[in-house]
Amino acid sequence: MTRNIKLRLYNTLSRKKDDFVPLEQDNIRMYVCGPTVYDTAHIGNARPVVVFDTLFRVLRHIYGEEYVTYVRNITDVDDKINARAAERGIDISELTRETTAVYQADMASLGCINPTIEPRATAHMAEMIELMEALIKKGNAYVAEGHVLFDVTSMEDYGALSNRSIDDMIAGARVDVAPYKKGPMDFVLWKPSKEGEPRWDSPWGEGRPGWHVECSAMAKKHLGEVFDIHGGGIDLAFPHHENELAQSRCANGTKELARYWMHNGFVQVEGEKMSKSLGNFFTVAELRDKWPGEAMRLTLLMTHYTKPFNWTDAGVADAKRMLDQWYEVTEGVIASAPSDGFLEALFDDLNTPKSLAELHRLRSAAIKGDQDAAAALLGSLNLLGLRQISGAEWAAWRPAGTGVDEVKVQALVDKRLLARNNKDFATSDALRDQLVELGIVLMDSKNKETGAFETSWLLGN
């Protein structure tokens with residue numbers, strides 16, 4: 001456990017990096033919006049999980065594992081769930097159980113620790129109804145045609161999180177102009193269920209909750225009215241987090257919901273927005289067949305979490321190559337505390353790109369025989385959720401269903417690399433052509449320290 005370390009986090013609410021000062025030193029609380037379990041998670045879904053798992057690890061390192069509570073919810077009631085269950089002809093509960101299990105396995109494969117609590121929305125109906133009743137009583141919500149709606153004009157500083165006025169929100173959003181609404185930005189807390197949809201009893205008739213109220217109820221139940229950190233993807237800042245913040249503050253009579261609001265940037269694939277029509281929509285399960293989970297995790301950490309991230313095959317191949325080197329140099333090493341330079345970078349708003357530069361420095365020292373550097377490298381990697389298996393297990397990993405003789409491929413790659421470093425380009429080119437015919441994609445790089453070429457490979461599509 002490490003105390004008296006200054007952790008700084010970018011706070012979406014204050015729009016600057018703030019020193020992290022917990023509400024209670026021995027009760028650190030973080031809530032992160034989890035998945036809507038109607039489909040398999042894609043790589044964009046994985047980024048916030050890896051980002052906030054890293055923060056969870058940092059908080060546990062600073063304050064002690066027993067003093068940090070991390071809540072990441074499961075949204076298991078939603079229009080998309082209803083539609084997908086109907087499309088597949090299965091019960092909604094069967095769909096959500098199946099999809100949740102796949103999601104949990106996918107995130108575990110990326111080295112993510114299970115959250116302390118993983119609440120399901122459907123298990124918190126009583127808490128949601130209680131919250132809505134409080135909002136109605138205080139004049140922040142109203143009942144109309146079986147719906148309960150939040151009146152955004154009842155909150156003076158609504159829009160503070162996304163830094164937009166109500167007029168700007170109306171101009172920039174597609175809003176439901178249902179006749180029962182008092183105002184166009186009023187949002188649904190409860191609505192009647194349609195035929196065949198899940199339903200629960202309430203003071204306003206049978207129905208189901210709106211999305212935003214689910215997180216407010218679960219966060220309050222498990223973390224209290226005010227807690228330390230609320231996280232999620234930048235796409236959730238508005239309207240989800242804005243609405244969650246509004247209804248929680250008004251219902252609880254508090255000035256804040258979370259002290260720090262954190263959001264990770266969008267994910268693209270090969271420079272384009274992910275889209276099934278473009279053929280660049282990759283699920284974590286698909287990518288797990290192609291790459292080790294730790295390589296995927298490291299790839300997601302190579303860009304600062306607040307910045308847009310571009311997933312590429314070249315990027316994950318680089319990550320795999322780095323891990324190959326780190327596994328090799330730390331084999332048989334006993335981990336020590338992470339290096340000061342590593343912690344200084346990581347505690348500066350999770351500056352993982354800068355922390356990775358420190359890992360490269362430690363490796364360079366370790367290959368020259370510095371055992372302290374090797375031990376600090378291993379300790380630093382472990383804090384990032386990397387180098388979690390034995391060197392033998394790492395070396396034994398292979399892509400699923402390659403259908404090629406990998407021993408033969410590696411021998412050809414090694415022979416080509418030797419020829420290239422000896423400047424025997426005719427042999428090198430011939431071997432390259434032979435590998436291409438086998439469907440192998442070669443990725444060459446130059447070692448900055450030795451000047452020699454290095455090569456990694458993967459099976460092409």
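Values below: all heavy atoms of this structure, side chains included; hydrogens, waters and symmetry mates excluded. Worth saying up front: this structure is predicted, and the values here are computed from it rather than measured. Index from 1, following the sequence.
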**Study point:** side-chain contact (heavy atoms from CB on, under 4.5 Å) assessment of F281 paired with H42
**Key:** CA-CA 7 Å; F281 187 93; H42 55 68; 3.4 Å; yes

Review point. So do the side chains of D106 and T40 get within less than 4.5 Å of each other, counting heavy atoms only?
Key: yes

Revision key, fill the gap. Tested for side-chain contact (heavy atoms from CB on, under 4.5 Å) against Y305, the lone hit among N351, L55, L350, V50 is L350

Review point. Is the charged tip of R29 near the ring of Y31: under 6.0 Å from the six-membered ring centre and within 45° of its axis?
Key: no

Check your understanding: Does the side-chain contact (heavy atoms from CB on, under 4.5 Å) test come out yes or no for Y38 and T99, once each step is laid out?
Key -> CA-CA 6 Å; Y38 72 99; T99 312; 5.9 Å; no

Review point. Are the side chains of V77 and I92 in touch, meaning some heavy atoms are under 4.5 Å apart?
Key: no

**Study point:** R72 charged N/C atom sitting above F52 aromatic ring, 6.0 Å / 45°
**Key:** no

**Study point:** Residues S339, E358; criterion side chain to side chain donor-acceptor pair (under 3.5 Å); working and verdict
**Key:** CA-CA 8 Å; S339 74; E358 171 66 4; 2.8 Å; yes

Exercise for review: Report the relative orientation of the aromatic rings in W211 and H240; use parallel for angles under 30°, tilted for 30 to 60°, perpendicular for over 60°.
Suggested key: parallel

**Study point:** Donor-acceptor under 3.5 Å (Q247 side chain, H212 main chain)
**Key:** yes

Exercise for review: Say whether, by atom type as modelled, one donor and one acceptor occur between the side chain of R84 and the main chain of D39 under 3.5 angstrom.
Suggested key: no

Review point. Do H241 and H263 have ring centres separated by under 6.0 Å?
Key: yes

Point to revise | D433 CG: over 12 foreign heavy atoms closer than 6.0 Å | key: yes

Review point. Is there a side-chain contact between M302 and L356, using heavy atoms and a 4.5 Å cut-off?
Key: yes

Review point. Tell me, do P239 and F187 make a side-chain contact under 4.5 Å, heavy atoms counted?
Key: no

Practice item. Answer yes or no: does atom CD of E197 have more than 12 heavy-atom neighbours from other residues, nucleotides or ligands under 6.0 Å? Key: yes

**Study point:** Candidate pair T75 and N73, rule side chain to side chain donor-acceptor pair (under 3.5 Å), full reasoning
**Key:** CA-CA 6 Å; T75 296; N73 73 291; 3.1 Å; yes

Practice item. Indicate yes or no for a side-chain donor-acceptor contact from N382 to the backbone of L386 under 3.5 Å, with no hydrogens or angles considered. Key: yes

Practice item. Taking D53 for its side chain and V49 for its backbone only, find out whether a donor-acceptor pair lies under 3.5 Å. Key: no

Exercise for review: Report the C-alpha distance between D79 and R208 in whole Å, list the side-chain angles of each, state the deciding distance to 0.1 Å, and finish with yes or no for salt bridge (charged side-chain N to carboxylate O under 4.0 Å, His left out).
Suggested key: CA-CA 10 Å; D79 290 340; R208 56 195 179 95; 2.5 Å; yes

Review point. Is it true that a side-chain atom of T352 and a backbone atom of L301 form a donor plus acceptor pair closer than 3.5 Å?
Key: yes

Check your understanding: Are any of the side-chain heavy atoms of W326 and H360 separated by less than 4.5 Å?
Key -> yes

Review point. How many angstroms lie between CG in L418 and OG1 in T455, if you round to the nearest 0.5 Å?
Key: 11.5 Å

**Study point:** Ion pair check, K320 and D324, cut-off under 4.0 Å
**Key:** yes

Exercise for review: Starting at OG of S428, measure out to CG of L442 and round the result to the nearest 0.5 Å.
Suggested key: 9.0 Å

Practice item. Kindly say whether N310 contributes a backbone atom to a donor-acceptor pair with the side chain of Q268 at under 3.5 angstrom? Key: no

Check your understanding: Are any side-chain N or O atoms of E286 and backbone N or O atoms of T283, one a donor and one an acceptor, separated by less than 3.5 Å?
Key -> yes

Check your understanding: Does the side chain to side chain donor-acceptor pair (under 3.5 Å) test come out yes or no for S390 and E393, once each step is laid out?
Key -> CA-CA 5 Å; S390 70; E393 289 176 295; 3.2 Å; yes

Exercise for review: Check whether any side-chain heavy atom of I43 lies under 4.5 Å from a side-chain heavy atom of L300, and answer yes or no.
Suggested key: yes

Review point. Between R387 and E331, does a salt bridge (charged side-chain N to carboxylate O under 4.0 Å, His left out) hold up when you go through it step by step?
Key: CA-CA 10 Å; R387 222 312 185 174; E331 185 65 19; 2.9 Å; yes

Check your understanding: Should F342 and L381 be marked as a side-chain contact (heavy atoms from CB on, under 4.5 Å) after you check the CA-CA gap, both sets of side-chain angles, and the distance that decides it?
Key -> CA-CA 10 Å; F342 174 83; L381 289 167; over 6 Å; no

Review point. Would you say E24 has more than 12 foreign heavy atoms packed within less than 6.0 Å of its CD?
Key: yes

Review point. Among K354, K17, K6, whose side chain to side chain donor-acceptor pair (under 3.5 Å) with D348 holds?
Key: K17

Point to revise | Qualifying residue, where the test is side chain to side chain donor-acceptor pair (under 3.5 Å) with R8 and the options are D19, D349, D18 | key: D19

Check your understanding: Are the ring centres of H222 and H124 closer than 6.0 Å?
Key -> yes

Check your understanding: Given E225 and T254, is the side chain to side chain donor-acceptor pair (under 3.5 Å) satisfied, shown in steps?
Key -> CA-CA 8 Å; E225 294 181 350; T254 57; 5.6 Å; no

Point to revise | Under 3.5 Å donor-acceptor, D76 side chain and T122 backbone | key: yes

Exercise for review: Compute the centroid of each ring, for Y260 and then for H230, and state whether the two points are separated by less than 6.0 Å.
Suggested key: no

Review point. Is the closest side-chain heavy-atom distance between F20 and I28 below 4.5 Å?
Key: yes

Practice item. Say whether, by atom type as modelled, one donor and one acceptor occur between the side chain of T116 and the main chain of Y70 under 3.5 angstrom. Key: yes

Check your understanding: Checking E118 side chain against V71 main chain: does a donor-acceptor pair fall under 3.5 Å?
Key -> no

Exercise for review: Salt-bridge test for D313 and K290: reply yes if a basic N is under 4.0 Å from a carboxylate O, no otherwise.
Suggested key: yes

Review point. How long is the gap from CG on D429 to CZ on R420, to the nearest 0.5 Å?
Key: 8.5 Å

Point to revise | Heavy atoms of other groups near K415 NZ, more than 12 under 6.0 Å | key: no

Review point. Can you list the steps and then say if E242 with Y158 is a side-chain contact (heavy atoms from CB on, under 4.5 Å)?
Key: CA-CA 8 Å; E242 191 74 73; Y158 179 82; 4.0 Å; yes

